[in-house]
Each structure stands twice: as structure tokens, then as C-alpha cells.
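Before any comments, here is the structure.
In this text the structure is predicted, and so the values were computed from the model without any measurement.
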Amino acid sequence: MTPKSLSVTLSPLDNGRLANLCGPLDENLRQIETAFDVTITRRGEQCRIVGELAQRRLAAEALERFYAAAGAPVSIDDIQLGLVEIARRASSRSRALPPPAGLLTLKADLHGRTPNQVQYLRQIQEHDISFGIGPAGTGKTYLAVASAVDAFERDQVQRIVLTRPAVEAGERLGFLPGDLAQKVDPYLRPLYDALYDLMGFDKVGKLFEKGNIEIAPLAYMRGRTLNHAFIILDEAQNTTPEQMKMFLTRIGIGAKAVITGDVTQVDLPKGQKSGLAEARQVLKDVRGIAFTGFDSADVVRHPLVARIVAAYEKKREG
């Protein structure tokens, strides 16, 4: 059955406003389409929106809102932040909105299994910068990589960049064999494993060769600007505040970033503050950044893992 459409007339007619609304090569319209999973066709001031009913209405609201503000050029930041606000208001008005769209990965049934995981996936879809903070086994990294694969498969980003701080968990890199790349490879292995699971070994290998996927230690990010990329910083509790600021300021136009970590498992030298813990305090009220917290109820590994996490949480709180 073909989804029904909704017609929107943008008034009063103003060709300058229309040009500002649409953006270069209709990039702003594409942002609205992606945000609400609809298709928009335009002829002059007449727009036709095709998609599910609730999503058509949100897209129409977005078109009218941005057209009203299009007396001056509308930046991609204005569009993306505005879309987040529209989605948030809609969510508060009605909890009947559909769950996050299915992810395009080899795991056809991949979805959030707990309320926090569902929220996490939605936050990643709706925000340019998202934090997932909680204990091991809660799906923070895996769901972030799945979201990156989904964005790449939908051509929303041009490449995937995955990074971790190379901090020893009670061991010393100097005693490991090989050059620097070989020494840090074990720290990045969980990211490789997730990619292979979600995209397939052969495809991942080809994308590495083409430069569409990059995995590197956090130190390699300094001095770069990452445009049109989906960037994941894993094990972020082992960043220093300076490293966290450095990473967040690498994010460029058309990029999306997810930062994951567990503030209870910091491997930094004693007395060194965690950049993730600081970021949670400094950025908690910054518009356009989302935080999702996980706890033992979100653990999806062996049932004993949830009990272990809960026991440590109890000890810490006591």
C-alpha cells in the first residue's frame, strides 16, 4: 500500500525565502526527509510530503517553521537543531510515535532491547553528538557502531571513523611486541569485531582499503577536522579532559559523533580526572547534545554480568 501524501503551501510566496529554505542542491530538504523518513517533492511554493501520517505532519511543521525563518540564509546547523526541537516536542505530546527506524546492517532484527537502549538509538538518530555512559555489556559500543553502519549504508555520511584512547588497563604497551600500530591494535579489536559482525568481513576489508572506514588511536585525531563522517569515541572514560575537548572539536560539517564509556572503570593514572566525567558535567545543558545513561538493568550479556554490575554499583553507593 502506497503511503498517503500531504500538501503544504508555503506562503507568502517569496523566491528568496524558498532558496534559503531549500539550501544548496536542496540539502536542507534532504535533512528534513532523513529526520522524519519522508519524501518531499517541491514545485514552486507547493510541497508534497509522502510518508507515514505522524511523520508527514512533523515534516510539514518543519517546512513551515524553517520557511518563516528563511528571510536570511538557513544554515545546516539551524536545520538540524530545529529538527531536534520539533522531534522532542512531538515526543512530549505523544508517546505513540514509532520506535527508531530499523538499522541497515546484516543483523536484520537488531533493535534496542531495553528502554534505555531504545532511547539511546533515538538520541543517536536525532542528535549530532550523543553520549552513552554506563557499565560493560549494555550495548553502548555495539549499538553505536550499528548506527554508524546504518548511516553509511543510507549515504548520510561518507565514512566511519572509530577511535579509542590507548590506555593500559594495568599493563604496559612497551612490553608488547611490534610497532605502535601493532601495540594499540588489541585496544581497537572490539571495534573491528563489531564491524565484521554488522557488515561482513569482506565488505569491511574493501571499505578499509578505500578509506571509507578508519580505526585509529585517539592521539591520531589531533589536528584533523572530520567532515561528513560518523565518529565513535569508545572507552572515553580513559580520556583526559584535554583529550576529550580535542576530540569534540574535531567534528566538522555533516558529521555525527557518539561517545561511549563507563566512568566506574577509569584506567588513567591515579589522580587524573576523566574527560568523560568532566564532559558529562560541562556539556549537560548544551543544546544539541544528548546523554543516555545505562545501568545493570541494561546488561545484555550473560545474566551473571548484570548481577556483577549491580553488586559493584551497590558497593559504590554504600
Side-chain angles (χ1 to χ4, degrees), residues 116 120 129-145 148 161-194 214-224 226 231-251 257-286 289-296 298-299 301 305 308-318:
N116 283 336
Y120 183 51
I129 299 178
S130 304
F131 286 77
I133 303 175
T138 52
K140 305 183 303 297
T141 299
Y142 194 84
L143 292 177
V145 175
V161 179
L162 310 178
T163 184
R164 274 186 168 194
V167 175
E168 306 98 319
E171 300 176 6
R172 296 297 174 187
L173 285 173
F175 290 102
L176 295 174
D179 57 22
L180 178 60
Q182 292 170 320
K183 290 176 187 289
V184 300
D185 190 69
Y187 292 88
L188 306 174
R189 181 53 52 183
L191 301 175
Y192 285 100
D193 291 342
E214 176 185 352
I215 299 183
L218 179 61
Y220 289 15
M221 297 295 106
R222 187 174 297 279
R224 302 178 60 184
L226 300 170
I231 316 148
I232 299 174
L233 171 57
D234 194 32
E235 297 290 342
Q237 75 274 7
N238 289 328
T239 62
T240 65
E242 294 77 16
Q243 288 174 325
M244 177 63 75
K245 181 181 177 182
M246 179 272 290
F247 171 78
L248 292 173
T249 55
R250 299 308 94 203
I251 298 165
V258 179
I259 299 93
T260 70
D262 178 1
V263 292
T264 69
Q265 294 194 36
V266 177
D267 299 313
L268 293 167
K270 188 174 182 179
Q272 174 66 66
K273 188 173 184 178
S274 167
L276 179 60
E278 181 181 84
R280 184 167 59 179
Q281 293 299 318
V282 173
L283 304 176
K284 62 183 179 180
D285 296 323
V286 174
I289 297 179
F291 288 84
T292 302
F294 297 90
D295 56 32
S296 59
D298 300 300
V299 173
R301 293 181 181 174
V305 175
I308 292 168
V309 171
Y312 275 97
E313 288 178 348
K314 183 177 180 181
K315 180 179 184 301
R316 188 174 67 254
E317 293 169 359

Q | Derivation of the side-chain contact (heavy atoms from CB on, under 4.5 Å) call for Leu276 and Ile133 | A | CA-CA 9 Å; Leu276 179 60; Ile133 303 175; 4.0 Å; yes
Q | side-chain contact (heavy atoms from CB on, under 4.5 Å) between Leu162 and Asp234, intermediate numbers included | A | CA-CA 8 Å; Leu162 310 178; Asp234 194 32; over 6 Å; no
Q: Carefully, step by step, assess Met244 and Leu248 under the rule side-chain contact (heavy atoms from CB on, under 4.5 Å).
A: CA-CA 6 Å; Met244 177 63 75; Leu248 292 173; 4.0 Å; yes
Q: For Thr264 and Tyr312, run side-chain contact (heavy atoms from CB on, under 4.5 Å): C-alpha distance rounded to whole Å, both residues' side-chain angles, the deciding distance at 0.1 Å, then the answer.
A: CA-CA 9 Å; Thr264 69; Tyr312 275 97; over 6 Å; no
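Looking only at distances, a side-chain donor or acceptor of Asn116 sits under 3.5 Å from a matching main-chain atom of Gly293. The closest donor-acceptor contact from the side chain of Arg250 to the backbone of Arg224 lies under 3.5 Å. Asp298 contributes no side-chain N or O that, together with a main-chain N or O of Thr138, makes up a donor-acceptor pair within less than 3.5 Å. Within the 3.5 Å criterion, the main-chain N or O of Pro241 finds no donor-acceptor partner in the side chain of Lys273. The backbone N or O of Pro269 lies less than 3.5 Å from no partner atom in the side chain of Gln272, so there is not a single donor-acceptor pair.
Cation-pi contact between Arg189 and Tyr192: present, with separation from the ring centre below 6.0 Å and deviation from the ring axis of at most 45°.
Annotation: the span from Ser130 atom OG to Ile289 atom CD1 amounts to 9.0 Å, rounded to 0.5 Å. Expressed to the nearest 0.5 Å, how far CD1 of Ile259 lies from NZ of Lys140 amounts to 13.5 Å. Here Met221 contributes atom CE and Thr163 contributes atom OG1; the two are 4.5 Å apart, rounded to the nearest 0.5 Å.
In terms of heavy-atom proximity, Val282 sits nearest to Val286 at O-CG2, 4.2 Å. Minimum interatomic distance between Ala279 and Phe291 (heavy atoms only, all atoms of both residues): O-CZ, 3.8 Å. In this structure, Pro135 and Ser296 approach most closely via the heavy-atom pair CG-N, 4.3 Å. Taking every heavy atom of both residues into account, Tyr142 and Ala194 meet most closely at CD1-CB, 4.1 Å. Across all their heavy atoms, Leu233 and Pro165 have their closest contact at CD1-CD, 4.0 Å. Residue Gln237 comes nearest to Val266 through the heavy atom pair O-CG1, 3.8 Å, listed as atom of the first residue, atom of the second, then distance.
Under the 4.5 Å side-chain criterion, counting only non-hydrogen atoms from C-beta, Phe247 is not in contact with Thr239.
Each of Leu283, Val258, Thr260 was compared with Phe131 under the side chain to side chain contact (heavy atoms under 4.5 Å, CB included) criterion, and only Leu283 meets it.
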